[in-house]
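Step one of this worksheet: look at the structure below.
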Amino acid sequence: MDKLLHLWEATGFYQMQPGQGIMILIGMLLLYLAIKKNFEPLLLVPIGFGGVLANIPGAGLAEAGGILHLFYVVGIESGAFPLIIFMGVGAMTDFGPLLANPKTLFLGAAAQFGIFATLMGAVLLSTFGIFDFSLADAAAIGIIGGADGPTSIYVASKLAPDLLGAIAVASYSYMALVPLIQPPIMRALTNEKDRKIRMHQQRHVSQREKIVFPLVILILVALFLPDAAPLLGMFCFGNLMKECAVVDRLSNTTQNSLINTVTIFLGLAVGSKLSAESFLNQMTLGILLLGMLAFSIGTASGVIMAKILNKITKEPINPLIGSAGVSAVPMAARVSNKLGLEADKHNFLLMHAMGPNVAGVIGSAVAAGILINYAAG
Amino acid sequence: MDKLLHLWEATGFYQMQPGQGIMILIGMLLLYLAIKKNFEPLLLVPIGFGGVLANIPGAGLAEAGGILHLFYVVGIESGAFPLIIFMGVGAMTDFGPLLANPKTLFLGAAAQFGIFATLMGAVLLSTFGIFDFSLADAAAIGIIGGADGPTSIYVASKLAPDLLGAIAVASYSYMALVPLIQPPIMRALTNEKDRKIRMHQQRHVSQREKIVFPLVILILVALFLPDAAPLLGMFCFGNLMKECAVVDRLSNTTQNSLINTVTIFLGLAVGSKLSAESFLNQMTLGILLLGMLAFSIGTASGVIMAKILNKITKEPINPLIGSAGVSAVPMAARVSNKLGLEADKHNFLLMHAMGPNVAGVIGSAVAAGILINYAAG
Amino acid sequence: MDKLLHLWEATGFYQMQPGQGIMILIGMLLLYLAIKKNFEPLLLVPIGFGGVLANIPGAGLAEAGGILHLFYVVGIESGAFPLIIFMGVGAMTDFGPLLANPKTLFLGAAAQFGIFATLMGAVLLSTFGIFDFSLADAAAIGIIGGADGPTSIYVASKLAPDLLGAIAVASYSYMALVPLIQPPIMRALTNEKDRKIRMHQQRHVSQREKIVFPLVILILVALFLPDAAPLLGMFCFGNLMKECAVVDRLSNTTQNSLINTVTIFLGLAVGSKLSAESFLNQMTLGILLLGMLAFSIGTASGVIMAKILNKITKEPINPLIGSAGVSAVPMAARVSNKLGLEADKHNFLLMHAMGPNVAGVIGSAVAAGILINYAAG
Amino acid sequence: MEKSTLMSEGLTLMVTGMGFVFVFLTVLVLVTTLMSWIITRYEKSVGALPAEGIPAPTAVLGRNQSGQSKQQSQSSQDSTLLTVLSSAVHKYRKNK
Amino acid sequence: MEKSTLMSEGLTLMVTGMGFVFVFLTVLVLVTTLMSWIITRYEKSVGALPAEGIPAPTAVLGRNQSGQSKQQSQSSQDSTLLTVLSSAVHKYRKNK
Amino acid sequence: MEKSTLMSEGLTLMVTGMGFVFVFLTVLVLVTTLMSWIITRYEKSVGALPAEGIPAPTAVLGRNQSGQSKQQSQSSQDSTLLTVLSSAVHKYRKNK
Ligand code: NA
Ligand code: NA
Ligand code: NA
């Protein structure tokens with residue numbers, strides 16, 4: 001009888017706390033958005049499912065000894081998973097459009113203002129006592145504006161592990177929402193004439209340039225910002241493997257089974273941070289609001305910088321490609337292309353927008369290095 | 001000269017103990033059965049080879065610092081390998097036949113009686129002083145009747161790590177022997193008329209049902225039996241990845257390189273538990289006997305439950321598909337099909353037997369949750 | 001202002017030490033050799049890149065907490081990576097030519113004299129006070145003569161972890177240089193008539209022989225040299241998986257995504273040992289010199305043994321295949337073939353040279369076992 | 001543990017365990033039947049799962065489908081093949 | 001370790017090591033020759049390895065070959081392809 | 001940390017951070033432009049990357065391309081296919 005009682009006490013009905021129930025519903029919502037609405041499904045399916053698993057009452061999957069906690073410690077606390085993903089992303093990245101037009105790097109730089117403005121916003125909210133974010137928290141929230149999942153997770157794991165769940169969810173959700181968030185801002189900041197600007201066809205980029213470029217980045221990182229070395233180093237390594245053409249075996253595995261495997265476990269491990277205590281509080285609300293702000297400011301900064309560049313340089317630059325500087329590869333570039341086609345149905349901007357798009361990845365990794373150096377120091 | 005002596009003392013000739021020699025022969029026997037007789041080769045080749053390696057005198061591969069011991073600690077003691085395999089099995093499972101005929105879940109439930117009857121048998125043998133099994137040991141032995149390799153290994157690693165080697169070997173060997181063990185029992189419990197029963201063609205199951213079903217299981221697990229959450233959670237996660245169609249990249253990797261890689265290391269790690277001390281004793285004999293009992297009782301319970309259901313429900317159910325409730329996917333279902341065809345050469349039962357077959361996987365994972373909750377608690 | 005200073009002090013410009021700069025250049029040189037000159041690119045691309053990353057000032061990637069250090073501890077210190085690679089190499093090895101002509105095992109044995117002669121050389125240099133190598137150091141350096149990357153790394157990680165970087169670099173570099181190092185030695189030790197010897201066509205080897213052979217090696221290892229069990233055990237396991245044909249799923253994954261993934265992380269982890277302190281010293285010079293000696297002596301021993309065998313046995317043996325006994329699969333065999341064709345354009349030695357070639361892998365794994373037993377004991 | 005305790009523990013575990021398995025799977029039968037009933041009704045009005053379930057390119061992993069990347073490479077061919085195949089599967093199921 | 005000890009240790013290791021390599025590989029030559037002789041004799045009566053060496057579906061991993069699973073999916077195609085290929089290899093070897 | 005300190009820290013971080021991002025990417029623009037200029041000039045004399053960039057078999061991983069190995073097996077076919085594809089890509093780029 002005791003044992004029957006024990007069994008009853010072990011059920012979810014008996015143990016479930018309201019917070020856990022809500023978090024399970026939130027996990028289900030993420031699964032719905034991922035599967036039905038195609039919100040970054042590759043990450044949000046594992047994150048959502050992990051979130052549900054983490055909140056099963058009494059199962060303790062996200063606590064010490066639980067399998068999700070194990071994945072978290074092994075893969076995220078150590079930094080390994082985001083870095084391996086970044087290596088895979090590097091192996092999938094083509095720097096060709098960037099090399100054809102290196103000025104687009106400035107667009108990738110400008111868009112990072114979203115990160116720092118949001119950091120300042122979080123600091124202000126804390127100063128006015130509305131939230132209680134530390135400088136490290138503020139930096140981790142700001143990085144959502146980098147529009148780059150693995151970078152967000154890496155920075156959050158270093159600076160604010162407690163906020164990691166909310167930051168990752170915000171990061172991927174807003175990336176999925178890029179086609180909704182960006183167009184109004186882009187339209188507000190450009191006029192019809194701006195949007196019709198046609199850009200020159202890109203020059204051919206030789207394979208040798210593509211091989212040397214990741215090494216150039218690596219050297220500059222070594223000289224200027226060692227704190228960005230883990231992220232940019234792994235990124236450049238992946239890219240070099242792809243471009244050098246002598247290790248195609250390794251590059252193919254990196255782009256396929258390796259990144260897929262790590263994505264599954266990264267997602268589940270992030271899900272382990274969606275516990276009721278750390279997610280169901282005012283801070284998450286702040287993170288969601290500030291994250292949206294970060295995306296919007298980044299988009300605006302990119303467009304404004306493109307307009308400035310267009311004034312300065314001889315070669316015409318369509319301001320619509322500025323928004324692609326936030327990264328969110330390749331969706332932001334597609335948004336640029338779509339708005340370009342709306343203004344002039346022969347104005348294909350996709351390849352031109354890929355330049356600032358990958359520049360945005362470099363830019364936010366640089367920003368991540370600075371934040372880690374400054375806020376953790 | 002000292003060093004020469006040292007070298008001689010390091011040889012296997014000098015160090016080999018009789019038990020080690022016997023275990024090496026047993027490992028070779030497993031390899032023979034796997035390669036020549038097709039006994040579950042995907043597991044028994046690594047387990048057999050691992051068993052040989054573990055017993056090489058003086059090499060210490062299965063002791064602290066040895067590579068097999070490392071695989072064991074990292075993969076099995078942590079629970080990670082069986083759970084990842086279960087995720088992969090989920091990604092390979094089609095719940096269609098089960099959804100077309102949910103009543104077959106009762107067959108999957110009934111067949112679990114093999115687990116609990118065997119547990120009771122082990123307890124009785126201990127009570128009469130024939131063996132010395134604790135309740136946890138008895139539970140770990142009973143789970144052999146679940147006819148599911150990763151579930152057996154997971155439960156054994158939690159409840160009776162010392163018996164893990166014997167339990168895993170028994171589990172996979174008997175699964176390979178399903179085509180020999182089941183038919184006599186099935187024939188004894190049915191008559192010609194029973195075996196000729198034709199079942200209605202299955203209705204079409206929509207993709208939406210297949211997507212929602214793993215989530216339904218997950219919710220019920222969360223509410224009723226959190227202790228089954230690791231196993232069934234990972235299983236449902238794998239299945240959702242497969243069915244939702246938006247993460248085919250991840251699902252394909254899970255079904256291929258990920259499950260293959262983990263299978264190799266799981267097998268080697270199980271092999272590390274085939275040391276002479278823990279395998280060459282009376283208990284192993286008991287495990288082998290009780291395991292056979294478990295399979296037989298499970299088969300019989302499934303068939304009897306199918307006959308009962310056939311009486312209760314309007315829709316005809318061929319009792320031959322009851323035996324598929326033990327799981328051993330897909331061999332048990334094939335055995336049902338084969339016996340159906342023997343009785344009537346137009347009576348194809350394969351798709352009907354797939355329902356109880358996958359129900360048996362769910363059933364034994366539920367039973368595993370109960371056993372871990374009760375016996376470890 | 002303090003913080004600005006802090007940022008400046010964090011740059012590579014401020015922190016870079018001369019040694020680190022040199023090591024970065026050396027890493028770049030390795031990348032150049034790998035990519036442009038095709039020096040074993042599958043390993044030297046990751047090693048070279050890892051070497052650059054390890055020397056980024058202030059980033060600490062190769063120090064405790066850094067990602068490369070993590071890869072080293074998890075994969076090399078534990079012994080796992082070299083052993084998994086060896087399993088993969090086993091799954092790619094065809095023992096057919098060796099089984100067709102088992103006498104070629106003697107060539108694989110003779111070529112290991114390069115290992116032991118070099119060990120003696122290192123000991124002599126220490127005795128004369130030119131270098132300061134311990135016996136374990138000398139053994140780890142000698143193994144470069146085994147011309148087998150994973151074996152070198154495995155032995156170095158056990159006997160001389162500090163020298164691992166230099167030993168791995170020497171090992172792979174000289175393997176890449178086999179087409180330059182071997183021909184002069186082979187020409188010097190053979191005359192035109194020797195080189196024109198035609199060998200009998202190889203008999204057909206049945207699949208059953210290929211399946212049993214790895215088990216034969218395993219048994220002999222268990223009886224004679226348990227210390228070689230990790231290396232040869234994993235090697236034979238991989239080979240058995242390939243040949244037994246019932247676990248093709250596992251064998252294919254081993255030969256592809258598994259070995260590729262491990263190769264990437266092994267390379268990066270080896271790169272972490274290319275720090276200025278441990279690489280930029282006189283010892284590295286000694287290692288490079290002795291490594292070259294090891295390859296040369298191994299080549300010469302193989303050729304001489306082939307000439308001796310040719311005298312003893314009835315069946316003609318072309319001495320050119322003796323050099324393939326150093327392993328460096330399959331390049332050493334190709335070198336034999338090339339020199340054979342030079343002497344007589346119809347004299348195809350490739351398949352005959354594959355026998356000693358894989359025998360060399362077994363031979364150096366045996367030698368590795370002896371060295372670990374003796375020098376670590 | 002005393003022998004008699006072991007015996008009674010085993011008996012309790014057998015009865016509660018088997019009972020629980022049946023309770024759980026009975027509930028699962030009921031809920032599954034309900035689910036299928038709801039979905040079948042729902043699909044009568046909205047139709048079966050539309051093609052939008054097909055994976056679209058995403059911000060983290062889908063890059064090889066974009067831009068000037070090696071369209072000729074194995075990996076992107078695979079991914080195209082996968083998309084085509086899974087699209088075919090979906091259409092096939094829809095039309096059935 | 002003193003210099004002279006190091007020297008003598010090195011010498012011992014060289015001699016015993018090289019000796020051991022030869023002993024081991026000589027034994028391997030003998031045992032391998034014996035093995036091939038036995039197998040060749042054995043196969044004269046039973047024939048070379050029969051087609052039963054081909055992988056059959058198994059209880060843990062072989063599911064995708066069964067039931068209503070996506071027969072069109074990459075993975076099951078691969079596995080069918082593998083089976084066909086390895087079957088072909090086997091037949092080829094047998095006929096040779 | 002006091003509120004005012006937090007504020008000033010945030011401000012400093014914003015300014016120096018954004019500044020640093022621009023400095024870094026400006027340097028990258030300059031160095032990249034320089035690199036492209038050098039390589040373009042260099043390639044005018046030596047031509048674009050020659051076919052020697054194609055992977056050759058190596059001592060650790062390339063074995064399946066050699067000897068009597070299962071030429072029919074999936075893996076070696078894949079690797080051949082990869083070599084052929086990447087060779088085609090190279091030639092295509094060279095001719096462009
Ligand atoms: Na970005
Ligand atoms: Na079962
Ligand atoms: Na060798």
Side-chain angles (χ1 to χ4, degrees), chain C residues 98-100 102-106 108-110 112-113 115-117 119-124 126-129 133-135 138-139 142 203-209 211-213 216-217 219-221 223-225 228 244-250 252 359 362-364 366-367 369-371 374-375, chain E residues 1-40 42-43 46-56 58 61-62 75 78-79 81-83 85-87 89-90 93-94 96:
Chain C
L98 178 63
L99 287 167
K103 282 190 305 294
T104 56
L105 278 163
F106 289 119
Q112 308 316 317
F113 186 61
I115 294 176
F116 294 101
L119 180 160
M120 200 59 222
V123 161
L124 280 175
S126 277
T127 309
F128 294 137
F133 296 125
S134 69
L135 188 67
R203 72 171 178 92
H204 169 68
V205 174
S206 86
Q207 192 61 16
R208 204 175 251 113
E209 290 173 76
I211 294 175
V212 175
F213 185 63
V216 164
I217 301 180
I219 295 292
L220 291 183
V221 166
L223 292 180
F224 285 87
L225 190 61
C244 75
V246 291
V247 293
D248 283 349
R249 279 184 74 114
L250 306 185
N252 277 296
I362 300 174
S364 42
V366 170
I370 297 165
L371 294 177
Y374 197 103
Chain E
M1 201 184 285
E2 285 193 21
K3 292 294 171 191
S4 61
T5 322
L6 181 65
M7 182 95 187
S8 77
E9 289 267 357
L11 211 64
T12 317
L13 182 47
M14 182 171 76
V15 174
T16 59
M18 203 58 211
F20 203 92
V21 168
F22 263 102
V23 167
F24 187 89
L25 291 187
T26 305
V27 174
L28 187 55
V29 170
L30 295 177
V31 177
T32 302
T33 309
L34 181 67
M35 174 202 83
S36 290
W37 183 80
I38 294 173
I39 289 180
T40 308
Y42 175 74
E43 292 193 338
V46 304
L49 208 67
E52 79 201 21
I54 301 303
T58 60
L61 294 176
S75 99
D78 276 355
S79 109
L81 187 64
L82 276 178
T83 312
L85 284 173
S86 64
S87 150
V89 169
H90 266 266
R93 287 201 176 112
K94 210 167 96 188
K96 224 169 26 179

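Here is how names work: the chains are called A, B, and so on, in the same order as the sequence lines, proteins then strands, and each is numbered from 1.
Checking each of C:Ile370, C:Ile362, C:Leu225, C:Ile115 against E:Val21 for a side chain to side chain contact (heavy atoms under 4.5 Å, CB included) leaves exactly one that passes, namely C:Ile370.
Here E:Ile39 contributes atom CD1 and C:Gln207 contributes atom CD; the two are 10.5 Å apart, rounded to the nearest 0.5 Å. A distance of 11.5 Å separates CE of E:Met14 from OH of C:Tyr374, quoted to the nearest 0.5 Å.
For the options C:Thr104, C:Val212, C:Leu223, heavy-atom pairs under 4.5 Å to chain E are most numerous at C:Val212. Among the candidates C:Ser206, C:Gly142, C:Ala138, the residue making the largest number of heavy-atom pairs closer than 4.5 Å to chain E is C:Ser206. For chain E, the option among C:Leu220, C:Val366, C:Val216 with the highest count of heavy-atom pairs below 4.5 Å is C:Leu220. Between chain C and the options E:Leu11, E:Thr33, E:Leu13, E:Val31, the largest number of non-hydrogen pairs under 4.5 Å is found for E:Leu13.
The side-chain heavy atoms of C:Val221 and E:Phe24, taken from C-beta on, include a pair separated by under 4.5 Å. A 4.5 Å side-chain heavy-atom check between C:Val123 and E:Glu9 finds every atom pair outside the cut-off. The closest side-chain heavy-atom distance from C:Phe116 to E:Val15 is not below 4.5 Å. Between E:Met35 and C:Pro102 the shortest side-chain heavy-atom distance does not fall below 4.5 Å.
E:Gly10 approaches C:Met120 most closely through the heavy-atom pair C-SD, 3.6 Å. The heavy-atom pair separating E:Leu25 from C:Gly108 by the smallest distance is CD1-C, 4.1 Å. Pairing each heavy atom of C:Glu209 with each of E:Ser36, the nearest pair is OE1-OG, 2.7 Å. When all heavy atoms of C:Ser126 and E:Leu6 are compared, the pair lying nearest together is CB-CD2, 3.6 Å. Between E:Phe20 and C:Phe224, the shortest heavy-atom contact is CZ-O, 3.3 Å. Minimum interatomic distance between E:Thr32 and C:Phe213 (heavy atoms only, all atoms of both residues): OG1-CE1, 3.2 Å.
Neither the backbone nor the side chain of C:Ser364 has a heavy atom closer than 4.5 Å to any heavy atom of chain E. With a threshold of 4.5 angstrom between heavy atoms, C:Ile219 does not approach chain E through any atom at all. Interface remark: C:Ala110 contributes backbone and side-chain atoms alike to the contact with chain E (heavy atom separation under 4.5 Å).
Here C:Ala139 pairs with C:Leu119, C:Leu159, C:Leu371, C:Ala375 under the side-chain contact (heavy atoms from CB on, under 4.5 Å) rule; sequence neighbours left out.
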